[in-house]
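All figures in this text were calculated on a predicted structure; none of them were measured in a lab. Chain letters run A, B, ... following the sequence lines, proteins first and then strands; every chain starts at 1.
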2 protein chains.
Amino acid sequence: MAFKTIEWKGDAVVLIDQTRLPNEEVYIECRDHISIAKAIKDLKVRGAPAIGVTAAMGVALGAKTIEAEDHKEFIAELKGICDVLSKTRPTAVNLFWAIDRMMAVARSYNDLDMEGLKELLEEEALAIYEDDICINHQIGVYGKVFIKDNDTILTHCNAGALATAGFGTALGVIRAAWEKNKNIRVFADETRPFLQGARLTAWELMKDKIPVTLITDNMAGHFMKKKMIDLVIVGADRIAANGDVANKIGTYTVAVLAKEHGIPFYVAAPLSTLDLTLKNGEEIPIEERDEREVTQIGGVTIAPKNVKVLNPAFDVTPNRLVTAIITERGVVTKPFLAGLKELKKGCK
Amino acid sequence: MAFKTIEWKGDAVVLIDQTRLPNEEVYIECRDHISIAKAIKDLKVRGAPAIGVTAAMGVALGAKTIEAEDHKEFIAELKGICDVLSKTRPTAVNLFWAIDRMMAVARSYNDLDMEGLKELLEEEALAIYEDDICINHQIGVYGKVFIKDNDTILTHCNAGALATAGFGTALGVIRAAWEKNKNIRVFADETRPFLQGARLTAWELMKDKIPVTLITDNMAGHFMKKKMIDLVIVGADRIAANGDVANKIGTYTVAVLAKEHGIPFYVAAPLSTLDLTLKNGEEIPIEERDEREVTQIGGVTIAPKNVKVLNPAFDVTPNRLVTAIITERGVVTKPFLAGLKELKKGCK
């Protein structure tokens, strides 16, 4: 890749500042878990898998500052650090999954000394990082078969290298097809209000020279009707046990449009995005974000002062609209419940 | 109304500059048909009925400058003026309708002297202006029955006072219901790329104290699924004989979503928007606009340099998705062809 989304530096985490793309490619250095939490909350790093990896590194960074007498005290302090990180964003389950994984490791090695524990947590965070890249390549392997030569793929938001440790989930599938020399084209929804499609997806596909056309969200239906889109691939922020998918606001609309036009709708996500504790998508908490994301763009006010605004950051696509869920362990189709449970068995 | 969209001043036309709303309420004065054409092209005035009214006034202004020897020469010069005005925007048929109506009047009074012709054209433009306001009130009369107490209405783009000589078409129906003291709420799609919903619809509804909530285009499906929207009302830029409706890009997606959720989808438009020469919506020319409307917002660049962009300004909603078309002469439902033809009979 021509850039690194997340980089571990031993005593710091370096993140590409995604709020300043595409106009500036700026990297920020987070030296503690507080600044990591702020970077997640402010969307400097975003995308469910990337949030998970960054949070894990935040736990490892935070652990380095613990001055505990024994394992019990260490765990108590570590829990405080995890609490700060877990209160950043509510919808992407990878955040909680990564934090839980870090806590579980620290808890299970109760015979290690403090330095040993800190090293172990650093290793675990790096494993989560490395795993994520491998997982995305594996998703690409399973997913690329759905893309035929000369296909045009619509994607929404950014489920790319920028949303992960690298390679991407939805864009990973597209990259895998591209690397097989398939002649493909991507339509990127701009993805209001935060414009992840216009700012991030267009940027990273152009970096890789994968043909991309930017459209506003409300154009997708028009181009589907004109038979200019062959399939849809998106990422996910949380998948319930029944296969309902929470993803960036607007995903549900794309899924309804795909159904109307008989276009397949694929979700590409690691199994860490799967939340088997939730029966269906109605139970997924949906983050409501600041109304200024809607009323201002790059500091420019685009709506009347004091206008009432709603700004849900995600929506839920019911499983009936999902053609298949592409994971690192294989592809699941309807009915999702059994297939997802089977794949998740034995996962970390 | 608290503002005037279009005002005839005898030797000039005053327009509220819609590109500067909502941050500034600025009026521009057009003293000839060239500046009128530019105002239409640059979207300083927009909305199918408003374009028609403004163009008619442009013809009347242009006519004042004609120095012809006889009626034939006058008509030839007037045709040149009309050509300039008709080349501004291709989709809204009201533009051509208004210009044709002005030309027809000038042609039919071949016994008048030049001054008489100029006066006649001024009167005709003013009649088109006055008619438009009456028509919108009448659309409101017929349409308000579809809005029940406590309804939430979704609208897309701006089909309000700003899109007409006054009162509005879709927003006229909403205003008529509001004036009957119905407790209603409007959800306004922001309507990318030009943000007519965020900038204009929210602004004019707030001026009238009609409760309005601004959402991004891609949120409409989410709120329909949550049963927060009871009906959809939009305007139209051109309606084909079979009831297919061209309207602002994104309208088709809203119509698909409405069908998916069993929500009625109404189109409110004057009969001047009806184009019986076109069998169906596929024949309606769709304007492709400058890509900078997508890549820049208020001068801020939101996409990578040189990204490929598509920017169709309109889409076509097939008649099967339209619950009813509300006109000044009554409401038409499926099958539209006969009903629309019947209503159009004897119309100017």
Side-chain angles (χ1 to χ4, degrees), chain A residues 21-23 156 187-193 195 197-199 202-203 206-207 211-223 225 248-257 259-261 286 291 294-295 297-312 314-316 318, chain B residues 21-23 156 187-193 195 197-199 202-203 206-207 211-223 225 248-257 259-261 286 291 294-295 297-312 314-316 318:
Chain A
L21 287 172
N23 297 327
H156 188 73
F187 269 46
D189 276 348
E190 68 172 8
T191 318
R192 280 283 288 147
L195 298 164
R199 297 191 302 103
W203 182 81
M206 285 173 81
K207 278 232 170 195
V212 58
T213 300
L214 174 63
I215 61 172
T216 61
D217 299 292
N218 59 19
M219 291 175 189
H222 173 71
F223 290 117
K225 185 149 75 76
K248 181 52 54 198
I249 188 74
T251 303
Y252 169 62
T253 290
V254 174
V256 169
L257 289 168
K259 177 195 149 206
E260 174 77 11
H261 296 89
I286 299 295
E291 59 188 40
V294 173
T295 59
I297 300 174
V300 176
T301 298
I302 58 147
K305 220 176 144 176
N306 301 324
V307 66
K308 185 175 157 61
V309 170
L310 287 174
N311 186 16
F314 304 93
D315 59 26
V316 174
Chain B
L21 287 171
N23 297 328
H156 187 72
F187 269 46
D189 277 348
E190 68 173 7
T191 317
R192 281 281 289 148
L195 298 164
R199 297 191 302 103
W203 183 80
M206 285 173 81
K207 278 232 169 194
V212 58
T213 300
L214 174 64
I215 61 172
T216 61
D217 300 292
N218 58 20
M219 291 176 190
H222 172 72
F223 290 117
K225 185 148 75 78
K248 180 53 53 198
I249 188 74
T251 303
Y252 169 62
T253 290
V254 174
V256 169
L257 288 169
K259 178 195 149 205
E260 174 78 11
H261 297 88
I286 300 295
E291 58 188 39
V294 173
T295 59
I297 299 174
V300 176
T301 298
I302 57 148
K305 221 176 145 178
N306 300 324
V307 66
K308 186 174 156 61
V309 170
L310 288 174
N311 185 17
F314 305 93
D315 59 26
V316 174

Student: Which pair of non-hydrogen atoms, one from B:Ala198 and one from A:Pro304, has the smallest distance, and what is that distance?
Tutor: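 Taking B:Ala198 first and A:Pro304 second, the nearest heavy atoms are O-CD, 3.1 Å.
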Student: Find the one option among B:Leu195, B:Val254, B:Leu257, B:Ile286 whose heavy-atom pairs under 4.5 Å with chain A are most numerous.
Tutor: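 The candidate making the most pairs under 4.5 Å is B:Leu257.
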Student: Does the side chain of B:Thr253 reach to within under 4.5 Å of the side chain of A:Thr253, using non-hydrogen atoms?
Tutor: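 Side-chain contact under 4.5 Å: yes.
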Student: Could you look at B:Asn218 and say if it's the side chain, the backbone, both or neither that has a heavy atom under 4.5 Å from chain A?
Tutor: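 When you check distances to chain A, atoms from both the backbone and side chain of B:Asn218 fall under 4.5 Å.
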Student: With side chains defined as the heavy atoms from C-beta onward, is the minimum distance between A:Val294 and B:Leu214 less than 4.5 Å?
Tutor: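 In short, these two side chains touch, coming nearer than 4.5 Å.
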Student: Against chain B, work out which of A:Asp315, A:Leu310, A:Val316 has the most heavy-atom pairs shorter than 4.5 Å and name it.
Tutor: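 Looking at each option in turn, the highest pair count goes to A:Leu310.
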Student: If I compare all heavy atoms of B:Glu190 with all of A:Ile302, which pair ends up nearest, and what's the gap?
Tutor: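 Looking at all heavy atoms of both residues, the shortest contact is OE1-CD1, 4.0 Å.
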Student: Among B:Asn311, B:Leu21, B:Ile215, which residue forms the greatest number of heavy-atom pairs with chain A at distances under 4.5 Å?
Tutor: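 Most heavy-atom pairs within the cutoff with chain A belong to B:Asn311.
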Student: How would you list, by chain and number, every residue that makes a side-chain hydrogen bond (donor to acceptor under 3.5 Å, both in side chains) with B:Thr191, sequence neighbours excluded?
Tutor: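 Partners of B:Thr191 under the side-chain hydrogen bond (donor to acceptor under 3.5 Å, both in side chains) test: none.
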Student: What's the shortest heavy-atom distance between B:His222 and A:Phe314, and which atoms?
Tutor: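 So the two residues come closest at CE1-O, 4.0 Å.
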Student: Let's test your reading of the structure: which of B:Ala220, B:Gly250, B:Gly299 forms the most heavy-atom pairs below 4.5 Å with chain A?
Tutor: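 With the most close heavy-atom pairs to chain A, the winner is B:Gly250.
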Student: Look at A:Gly298, A:Pro318, A:Pro211, A:Pro312 and state which one has the largest set of heavy-atom pairs under 4.5 Å with chain B.
Tutor: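 So the answer, after comparing A:Gly298, A:Pro318, A:Pro211, A:Pro312, is A:Pro312.
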Student: Rounded to the nearest 0.5 Å, what separation is found between the CE atom of B:Met219 and the CD1 atom of A:Ile249?
Tutor: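 It is 5.5 Å, given to the nearest 0.5 Å.
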Student: Please identify each residue that fulfils side-chain hydrogen bond (donor to acceptor under 3.5 Å, both in side chains) with B:Arg199, with sequence neighbours left out.
Tutor: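 Applying side-chain hydrogen bond (donor to acceptor under 3.5 Å, both in side chains) to B:Arg199 gives none.
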Student: Just so I understand: if I count every heavy-atom pair under 4.5 Å between each of B:Phe223, B:Trp203, B:Tyr252 and chain A, which residue has the most?
Tutor: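 It is B:Tyr252.
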Student: Count the heavy-atom pairs under 4.5 Å between each of B:Glu260, B:Lys225, B:His156 and chain A, then report the option with the highest count.
Tutor: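 So the answer, after comparing B:Glu260, B:Lys225, B:His156, is B:Lys225.
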Student: What is the minimum heavy-atom distance between A:Lys305 and B:Met206, and which atoms define it?
Tutor: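 For A:Lys305 and B:Met206, the tightest heavy-atom pair comes out as O-CE, 3.4 Å.
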Student: Over all heavy atoms of both residues, which pair between B:Val300 and A:Ile297 is shortest? Give the atoms and the distance, please.
Tutor: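 B:Val300 and A:Ile297 have their closest heavy atoms at CG2-O, 4.2 Å.
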Student: Name the option with the most non-hydrogen atom pairs under 4.5 Å to chain A; the candidates are B:Val212, B:Thr251, B:Val307, B:Asn306.
Tutor: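 Maximum pair count with chain A is reached by B:Val307.
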